[in-house]
Peer 1: 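Supplied in structure tokens, the structure appears directly below.
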Amino acid sequence: MAVQTDQRGNGRVVFERGIPAQIMGIDGTWRRDCTMEDVSESGAKLTIDGSVEGLHLKEFFLLLSSTGLAYRRCELAWVNGDQIGVNFLKIGERKKKARSATIGA
């Protein structure tokens, strides 16, 4: 395990072997096994087992425990083959963005 600083100035923890995890649709209709390669306060890099084609990746959950009690709500940042970058969403973040867009209109 090593700590690096990314271009946004966030401390990023890189795991030597990766951490087993899963991604799951917001509505619970799909799940995929994945490996968390690195993580920071704002997001993570994941290697997905199988195809991400056809999955609704705009918003989803990253499950960090088999019981589902440790999780983060995510949005897709980028895709590169079987790896994806995710941004962690804070509680209420989507609502604030939508509200500020309507206020400015």
Side-chain angles (χ1 to χ4, degrees):
M1 187 168 62
V3 177
Q4 301 172 351
T5 302
D6 67 15
Q7 63 268 28
R8 293 176 301 277
N10 293 323
R12 182 164 293 276
V13 178
V14 179
F15 304 107
E16 192 175 314
R17 292 193 178 99
I19 303 293
Q22 289 187 325
I23 57 173
M24 181 180 79
I26 292 292
D27 60 2
T29 58
W30 60 266
R31 241 182 225 232
R32 290 286 184 282
D33 288 329
C34 65
T35 303
M36 187 166 52
E37 305 294 345
D38 67 38
V39 67
S40 72
E41 187 178 325
S42 62
K45 177 169 71 173
L46 310 173
T47 300
I48 308 299
D49 295 354
S51 174
V52 295
E53 195 172 325
L55 298 181
H56 182 69
L57 290 175
K58 183 175 175 128
E59 236 181 277
F60 56 94
F61 290 112
L62 172 61
L63 306 176
L64 300 168
S65 72
S66 59
T67 60
L69 295 176
Y71 64 91
R72 293 297 303 261
R73 193 171 187 137
C74 303
E75 66 181 358
L76 183 67
W78 53 264
V79 178
N80 185 3
D82 65 348
Q83 291 191 326
I84 64 172
V86 301
N87 294 322
F88 297 141
L89 297 174
K90 293 180 174 54
I91 295 171
E93 189 171 1
R94 280 281 179 206
K95 291 177 187 167
K96 280 187 211 165
K97 285 181 186 175
R99 196 175 313 134
S100 64
T102 57
I103 291 170

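All values below were derived from every heavy atom in this structure, side-chain atoms included, with hydrogens, water molecules and symmetry-related copies excluded.
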Peer 1: Are Ile26 and Val52 linked, directly or through other ILVMFWY residues, by side chains that come within less than 4.5 angstrom of each other?
Peer 2: no
Peer 1: Give me the atom names and distance for the closest heavy-atom approach of Gln83 to Trp78.
Peer 2: O-CZ3, 3.7 Å
Peer 1: So Met36 and Leu62, do their side chains get closer than 4.5 Å, heavy atoms only?
Peer 2: yes
Peer 1: Work out which heavy atom in Ser40 is nearest to a heavy atom in Gly11; give both atom names and the distance.
Peer 2: CB-O, 3.4 Å
Peer 1: Tell me whether Leu46 shares a hydrophobic cluster with Tyr71, the cluster being built from Ile, Leu, Val, Met, Phe, Trp, Tyr side chains joined at under 4.5 Å.
Peer 2: no
Peer 1: Say whether Phe88 and Val13 are linked into one hydrophobic cluster, either directly or through other cluster members, by side-chain heavy-atom distances under 4.5 angstrom.
Peer 2: yes
Peer 1: Can you list the residues that meet the side chain to side chain contact (heavy atoms under 4.5 Å, CB included) rule with Ser66, with sequence neighbours excluded?
Peer 2: none
Peer 1: Can you tell me how far apart NZ (Lys90) and CZ (Arg72) are? Round to the nearest 0.5 Å.
Peer 2: 7.0 Å
Peer 1: Do you know which two heavy atoms are closest between Leu57 and Ile23, and how far apart they sit?
Peer 2: CD2-CD1, 4.2 Å
Peer 1: Do you know which two heavy atoms are closest between Ser51 and Arg32, and how far apart they sit?
Peer 2: O-NE, 3.3 Å
Peer 1: Can you name the closest pair of heavy atoms from Arg12 and Lys45 and give their distance?
Peer 2: NH1-N, 4.4 Å
Peer 1: Is the closest side-chain heavy-atom distance between Leu63 and Arg31 below 4.5 Å?
Peer 2: yes
Peer 1: Do the non-hydrogen side-chain atoms of Leu64 and Ile19 ever get within less than 4.5 Å of each other?
Peer 2: no
Peer 1: Let me confirm one number: the CE-SG distance from Met24 to Cys74, rounded to the nearest 0.5 Å.
Peer 2: 11.0 Å
Peer 1: Once you round to the nearest 0.5 Å, how far does CZ of Arg73 lie from CG of Leu89?
Peer 2: 7.0 Å
Peer 1: To the nearest 0.5 Å, what is the distance between CD1 on Ile48 and CD on Gln22?
Peer 2: 10.5 Å
Peer 1: Between Trp30 and Phe60, how do the two ring planes meet: parallel, tilted or perpendicular, split at 30° and 60°?
Peer 2: tilted
